[in-house]
Amino acid sequence: MTSELITGRSKFELRKRLLETPIRLGQLDFNGKCNAKCWYCPVRYEGNPADFATHMPIKDLTHLLANLRASPLIAPDFSFVYTSHYNEVLLYRHFDEMIDVFRTHGFATMVLSNGTPLTPQKTDTILANTDVIRGICLNIPAIEKTDWCRKTGLSAAAHKRLMENLDYIHGKIELTIQINYDPNSGGYLDKSIGTTEDEGNAIAEAFRERYPKFNISPYPHLSDRAGRLDQLGVITRQAETEPKRVIGCRHSGSRIFQWFHVNARGDLFLCCDDFDMHYRFGNLLTESFEDAWTSDRHVDAILEAFSGICKRCWGRIEDE
């Protein structure tokens, strides 16, 4: 990750940054739907955007990855992409075929999941394809049934399936369980389900006791998703003063310039906090990646975002 701040104040500067900044990572969503309703996620309160909750046909995925691999803007050694955007990738109906397509085009990923669809069959598939599936990270906010159901919006039967899935995979592969919580009660609003630091650590210890071979990782840094969860009455992290003019992004290096994001219909959009994929600027099923990436539409989408979603994001870079 570069420590240099990547900024642009004009269309000319933004286009130059898009041409010159190496792309480090990608984020692809193939099915646009999650089965959980975790309290700190917009899906709980709004549902996944209906227009993009579709399973990408495998022929479209093949075309999309070939498009990326053929682009001069994608380095030959570029390989890793996340298969996520508020979705559950293990529910993708072409998951097994996806692995073969990734391998064919020289891409790899890791599974980011809530764990409920990680069946023994899916586990065996992952274990047989570790050249493409390079890890598993499960987002599980609690271990005790009632607490877990309350925080995820899922049923007791789903909790039973989750624990059975964890029992099956334990010791078979390196796996991380991330326990998302935030002890900063000052950021909680009416719909929040808070967890203190002691409670978060107790949950982690309970996981470690039952699953000593897993990597248990408490993560006490919930995001308000560029103000979206503040608007929904869940979490607020907004500054009290009006932000200055936004000229760049420091989110995970720079989400705007160093990452690409693609939805289940093949649309390129702004970033991980663009929940409803409002800032779309091209489609990889109908045009080349480099044409879309360096287009006026992309520059205009960034400028629109600088006056919109980016003003509410912790990762914004403001003008001096």
Side-chain angles (χ1 to χ4, degrees), residues 1 22-36 52 54-140 162 165-166 168-178 213-215 217 252-253 255 258-268 272 284-285 289:
M1 183 184 302
I23 296 171
R24 298 189 305 109
L25 287 168
Q27 190 168 309
L28 311 177
D29 176 0
F30 305 135
N31 60 316
K33 189 76 173 177
C34 186
N35 62 321
F52 310 105
T54 184
H55 292 261
M56 179 180 286
I58 203 67
K59 65 179 179 59
D60 288 352
L61 175 60
T62 301
H63 179 92
L64 190 154
L65 294 185
N67 189 345
L68 290 169
R69 184 52 72 201
S71 174
L73 299 181
I74 302 294
D77 62 350
F78 179 100
S79 63
F80 190 86
V81 294
Y82 290 101
T83 48
S84 58
H85 181 72
Y86 303 93
N87 66 312
E88 175 52 69
V89 69
L90 292 177
L91 296 179
Y92 181 41
R93 64 169 61 114
H94 306 297
F95 181 81
D96 292 10
E97 297 167 274
M98 176 201 80
I99 295 172
D100 292 333
V101 176
F102 266 56
R103 181 180 291 113
T104 296
H105 294 286
F107 290 99
T109 188
M110 70 181 298
V111 167
L112 302 178
S113 171
N114 61 57
T116 59
L118 188 62
T119 62
Q121 180 183 3
K122 282 285 195 298
T123 294
D124 292 344
T125 297
I126 293 168
L127 292 173
N129 294 278
T130 53
D131 60 318
V132 173
I133 308 293
R134 295 183 179 171
I136 302 174
C137 180
L138 304 182
N139 179 354
I140 307 177
L162 169 66
N165 293 340
L166 295 179
Y168 182 82
I169 199 173
H170 186 236
K172 292 183 170 69
I173 192 173
E174 184 174 342
L175 180 148
T176 296
I177 293 178
Q178 180 171 297
K213 295 181 181 179
F214 289 160
N215 175 34
S217 178
S252 305
R255 283 277 184 173
Q258 294 184 309
W259 293 59
F260 60 79
H261 303 79
V262 187
N263 67 25
R265 296 197 181 278
D267 298 316
L268 285 156
C272 60
L284 296 187
L285 303 180
F289 176 76

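Since the structure is predicted, the reported quantities are computational estimates derived from the model, not experimental observations.
V81 places none of its side-chain heavy atoms less than 4.5 Å from the side chain of L68. Between I74 and I23, some side-chain heavy-atom pair lies under the 4.5 Å cut-off. Put simply, the side chain of S113 does not reach to within 4.5 Å of the side chain of N139, judged on heavy atoms. For the pair L284/F260, no side-chain contact is recorded, criterion being any heavy-atom separation below 4.5 Å from C-beta on. The shortest side-chain heavy-atom distance between I126 and L118 falls under the 4.5 Å cut-off. Counting heavy atoms from C-beta on, the side chains of D124 and Q121 never come closer than 4.5 Å. L61 places none of its side-chain heavy atoms less than 4.5 Å from the side chain of E97. Proximity of R255 to C272: side-chain heavy atoms (C-beta onward) are separated by under 4.5 Å at one or more points.
Taking the six-membered ring where tryptophan is involved, the planes of F78 and F107 are perpendicular, since the angle between them exceeds 60° and thus also 30°.
Taken to the nearest 0.5 Å, the CG atom of L91 stands 7.5 Å off from the SG atom of C34. The distance from atom NE2 of H94 to atom CD1 of I58, rounded to the nearest 0.5 Å, is 6.0 Å. Rounded to the nearest 0.5 angstrom, N35 CG and N114 CG are separated by 4.5 Å. To the nearest 0.5 Å, atoms CG (L112) and NE2 (H85) are separated by 13.5 Å. Note that the CZ atom of F52 and the NZ atom of K33 stand 14.0 Å from one another [nearest 0.5 Å]. To the nearest 0.5 angstrom, N263 atom CG is 10.5 Å from N87 atom CG.
Remark: side-chain polar atoms of N129 are paired, donor with acceptor, to backbone N or O of T125 under 3.5 angstrom. Of the possible polar contacts, none joining the N215 side chain to the E174 backbone as a donor-acceptor pair under 3.5 Å is found. Not a single donor-acceptor pair under 3.5 Å links the side chain of T116 to the backbone N or O of L162. Checked by atom type and distance alone, the side chain of Q178 never pairs as donor or acceptor with a backbone atom of S217 at under 3.5 Å. One N or O on the side chain of W259 and one on the backbone of S252 form a donor-acceptor pair closer than 3.5 Å. No donor-acceptor distance shorter than 3.5 angstrom exists from the side chain of Y92 to the backbone of D29, with no hydrogens or angles considered.
Residues N31 and V89 share a closest heavy-atom pair of OD1-CA, 4.1 Å. Summarising the geometry of P120 relative to N165, their closest heavy-atom pair is CD-OD1, 3.9 Å, with the distance given to 0.1 Å. In terms of heavy-atom proximity, K122 sits nearest to L90 at CE-O, 3.2 Å. Nearest approach of M56 to D60, heavy atoms of both residues: CG-CB, 3.7 Å.
Among residues two or more places apart in sequence or in another chain, the ring pair (Phe, Tyr, Trp, His ring centres under 6.0 Å) test is passed with H105 by none. For K172, the side-chain contact (heavy atoms from CB on, under 4.5 Å) test picks out L127, Y168, with sequence neighbours left out.
Evaluated for a side chain to side chain contact (heavy atoms under 4.5 Å, CB included) with F214, the options T176, I169, I136, L138 yield exactly one hit, I169.
Pairs passing the side-chain hydrogen bond (donor to acceptor under 3.5 Å, both in side chains) check and including a residue from residues 64-82, sequence neighbours excluded, read S71-E290.
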